[in-house]
Amino acid sequence: MPTDVENWKSEVYGNEIRDHLFEFAERGFDSIPDDERDAWFERFKWWGLYHQRNGQEGYFMMRIGTPNGVLEPGQLRVVGEIADEYARGPGTNPIFGDAYADFTTRQSIQLHWIELSDVPAIFEKLEANGLSTQQACGDSWRNIVGNPVAGKDGQEVIDAWPVIRELNETFKGDDDHSNLPRKWKVSVTGSADGSGQGDINDLAFEPAYKEVEDEDVVGFNVRVGGGLARNEPRFARDIDVWVPPERVPDVAGGLSALFRDNGDREDRYNARIKFLVDEWGPEEVCETLQAEYVDFELETAGRDVREEYTYNTGEGERNDLVGVHDQKDGTNFVGLNVLVGRMGAADVLDLADLADEYGSGEVRLSQRQNVIVTDVPDDALDEFLAEPLLEHYSPDPSPFMRGSVACTGTEFCSLSIVETKNRQVRFARWLKGNVELPEGVEEFHIHLSGCTASCAQPQIADVSLRGMKTRKDGEPVEALDVGLGGGLGDDPGFARWVTQRVPADEIPGAIASLIDSFAGEREEGESFRAFVARHDDEELDAFVDPEETDYEDPMMHNTKRTWYPYAEEDGLDDAPPVPADD
Amino acid sequence: MAVQPGSVTTRLRVLDDGAWISVDDHREVRVSELWRLDAPDFCGCDLADLVVENFQEVGVDGSRVEVRVYGQCIECGASGITGWLPVGRVRADEFVEFDRSCVRRERRE
Ligand code: HEM
Ligand code: SF4
Ligand SMILES: [Zn+2]
């Protein structure tokens with residue numbers, strides 16, 4: 001039997017949702033019929049609107065999909081202005097204030113506290129500036145990710161940006177691909193650093209050379225069925241196909257159609273293509289693609305460059321794109337650290353000004369929730385780096401600031417178990433002040449996800465933290481499971497969950513003890529990931545020694561039972577009413 | 001799904017990837033709670049202390065609304081999917097959630 005969601009999708013889905021959305025916005029939130037609310041909230045996701053959690057009725061998270069994280073000159077300012085004007089709600093965040101934008105692990109932007117009545121005005125402004133929320137959530141082609149500095153990166157094998165742009169133009173709003181069994185996440189990478197993180201996407205194109213008529217041609221190898229969610233993490237599987245750049249839309253469209261027709265529409269938990277690849281195996285995916293979904297002969301996989309991957313690998317060079325790097329054209333891109341990806345609207349606007357002044361006005365977003373200012377000439381570099389805003393959004397941050405990634409958590413998200421972003425900020429500040437990494441270790445990635453959906457990609461960090469509960473002196477408290485040693489690269493591996501249910505206020509102490517053991521027992525020049533790899537789970541568990549320190553955590557209670565964790569009167573009974581339609 | 005306890009139709013759904021149970025288009029039961037369970041098939045504890053992480057299914061037995069959840073017992077660490085657990089009752093068109101601090105007993109077949 002198809003699910004309710006499938007039934008709703010077969011009635012109204014895709015582009016046509018927009019007219020309804022605008023009508024509801026015009027007539028007011030209450031005009032959504034009482035018995036159709038679930039259906040409409042599910043559909044609104046397709047246009048990038050996600051109803052915030054219980055206690056925040058009538059407020060939406062709005063996701064803007066920026067393909068490959070590219071914000072063309074002027075677009076960041078538009079985002080800042082929209083955040084400033086519309087992303088203000090009844091709750092004030094004690095660290096980030098009242099209006100802010102979140103840069104996400106899939107190179108998108110999220111705004112919170114959006115009211116339905118403001119949606120038409122926001123869409124108008126976004127679209128007038130070449131931005132869109134279309135398919136940012138929901139069951140279709142999501143924001144396409146890749147190496148954010150595609151086209152500029154000195155380390156590039158092939159420029160993936162025109163390919164991504166074409167895929168985006170083809171598959172955003174294409175009725176044949178608008179209603180898939182589940183989300184469809186695509187990554188296209190052209191650089192040799194692995195920064196597109198293809199391995200954790202439903203569909204990945206990775207740079208590879210193929211000999212075609214005695215010539216070495218650069219194109220892409222294809223992998224299918226990666227994803228981290230629901231305790232079922234998978235790396236994308238090699239289906240032994242190479243495509244030249246001009247054929248990427250055909251193969252991507254073929255695989256999306258294969259998923260559309262064969263994915264499980266009866267069980268949403270089994271719907272992602274990773275499960276279909278489990279069931280069929282990569283060979284059958286390839287054979288079916290060839291037989292039914294493309295009308296030309298597929299080439300077998302070419303010679304990849306995975307050995308050169310560094311991004312999020314936990315060792316070697318360039319694990320992120322923070323700092324000053326060479327562009328092909330002789331200018332520079334400067335990656336700035338945005339702690340947990342959140343930036344106040346005023347700072348967003350300031351950064352937009354700086355990008356104009358020192359670069360081309362363009363800005364790009366990475367999968368580590370950071371921002372990159374591109375096209376900065378050598379002679380402007382020193383002055384740019386001396387700007388006061390860069391003290392906070394640093395190109396050379398403490399490893400604990402730099403390594404922090406966190407998801408939305410109980411502040412806004414229905415699925416969450418614990419508070420996340422503010423907690424990760426507190427963790428990072430404490431670690432920066434209290435813990436030294438061993439000599440030569442410059443990066444240390446700690447990713448915090450509020451639940452198993454894994455939006456913060458915890459399984460590919462040095463230290464993975466995932467929302468849980470435990471009891472402390474009999475009282476329920478927020479806790480975290482601790483995983484160690486995950487990372488991408490030629491030989492990717494998921495973190496091993498070695499210590500369970502550590503009360504959140506004992507995590508900084510636990511990480512300090514872990515780093516202590518690492519420093520003490522480390523072999524010469526050894527990376528943390530390699531150190532983890534040569535110990536078994538029990539040994540590692542013993543290195544993680546949870547204890548209270550002078551770190552204080554004000555959010556140990558069930559923050560999900562509040563309407564907003566940081567409100568003075570935080571009880572669900574104190575929740576604000578659905579916003580008036582003004 | 002739509003079921004009919006008594007004469008009124010009640011719409012029961014698991015939504016947002018298992019984040020909550022909707023009863024007649026209202027969010028009624030949520031993840032991230034701790035429930036005490038009498039569920040000998042789930043783990044070896046006398047009473048499991050379950051973190052509710054994901055709703056799998058919702059159904060109704062008479063007027064009693066029941067769910068199956070994915071979760072973890074924080075007493076012993078066992079994790080998995082429970083059997084049918086009562087969460088509330090539909091009375092005169094209104095959903096009333098059972099007191100969360102009370103023990104919930106898995107339905108025996
Ligand atoms: C209102 C807040 C949010 C809600 C309700 C939400 C919901 C979800 C859900 C239900 C999943 C699991 C879906 C699946 O089965 O794959 C998921 C996964 C994910 N989401 Fe979110 N999310 C929210 C915010 C975010 C944020 C802030 C980010 C990025 C920073 C994000 C990025 C992702 C990623 C990367 C995954 C992992 C999927 C995978 O690799 O398999 N989401 N989210
Ligand atoms: S990982 Fe879980 S808690 Fe965090 S944003 Fe994703 S769904 Fe919400
Ligand atoms: Zn137990």
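As the structure is a computational prediction, the values presented were derived from the model and not from experiment. Throughout, protein chains are lettered first and strands after them, A, B, ... in sequence-line order, and every chain is numbered starting at 1.
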For the pair [X] and [Y], find out whether any cationic side-chain nitrogen is under 4.0 Å from an anionic carboxylate oxygen.
X: A:K45; Y: B:D16; answer: yes
X: B:E33; Y: A:K469; answer: no
X: B:R27; Y: A:E57; answer: yes

Query raised in the report: Do the side-chain N and O atoms of B:D17 and A:Y269 include a donor-acceptor pair separated by under 3.5 angstrom?
Result: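 Per modelled atom types, B:D17 and A:Y269 side chains form no pair under 3.5 Å.
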Taking atom [atom1] of [X] as the centre, does the number of heavy atoms from other residues, nucleotides or ligands within less than 6.0 Å exceed 12?
X: A:E538; atom1: CD; value: no
X: B:D46; atom1: CG; value: no
X: B:R100; atom1: CZ; value: yes
X: B:D99; atom1: CG; value: yes

Answer with side chain, backbone, both or neither: which region of B:V52 has an atom nearer than 4.5 Å to a non-hydrogen atom of chain A?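 The answer is the backbone of B:V52.
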How long is the gap from [atom1] on [X] to [atom2] on [Y], to the nearest 0.5 Å?
X: B:N54; Y: A:L415; atom1: CG; atom2: CG; value: 5.5 Å
X: B:R11; Y: A:D4; atom1: CZ; atom2: CG; value: 10.0 Å
X: B:S79; Y: A:N231; atom1: OG; atom2: CG; value: 7.0 Å
X: B:S22; Y: A:D38; atom1: OG; atom2: CG; value: 3.5 Å
X: A:R230; Y: B:Y70; atom1: CZ; atom2: OH; value: 9.0 Å
X: A:E42; Y: B:L15; atom1: CD; atom2: CG; value: 6.5 Å

Is any side-chain heavy atom of [X] closer than 4.5 Å to a side-chain heavy atom of [Y]?
X: B:V51; Y: A:R501; value: no
X: B:R13; Y: A:T3; value: no
X: A:Q500; Y: B:I74; value: no
X: B:L34; Y: A:R471; value: yes

Non-hydrogen atoms of chain B under 4.5 Å away: do they reach the side chain of A:T452, the backbone, both or neither?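 Contact with chain B is through the side chain of A:T452 alone.
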- Item | Per-residue contact mode, A:N558 against chain B (heavy atom under 4.5 angstrom) |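 Contact with chain B: side chain only.
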Any idea which of A:D267, A:N54, A:T559, A:I417 has the most non-hydrogen atom pairs under 4.5 angstrom with chain B?
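The option with the most such pairs is A:N54.
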Which of the residues B:E75, B:E53, B:R30 is involved in the greatest number of heavy-atom pairs with chain A at under 4.5 angstrom?
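Heavy-atom pair counts peak at B:R30.
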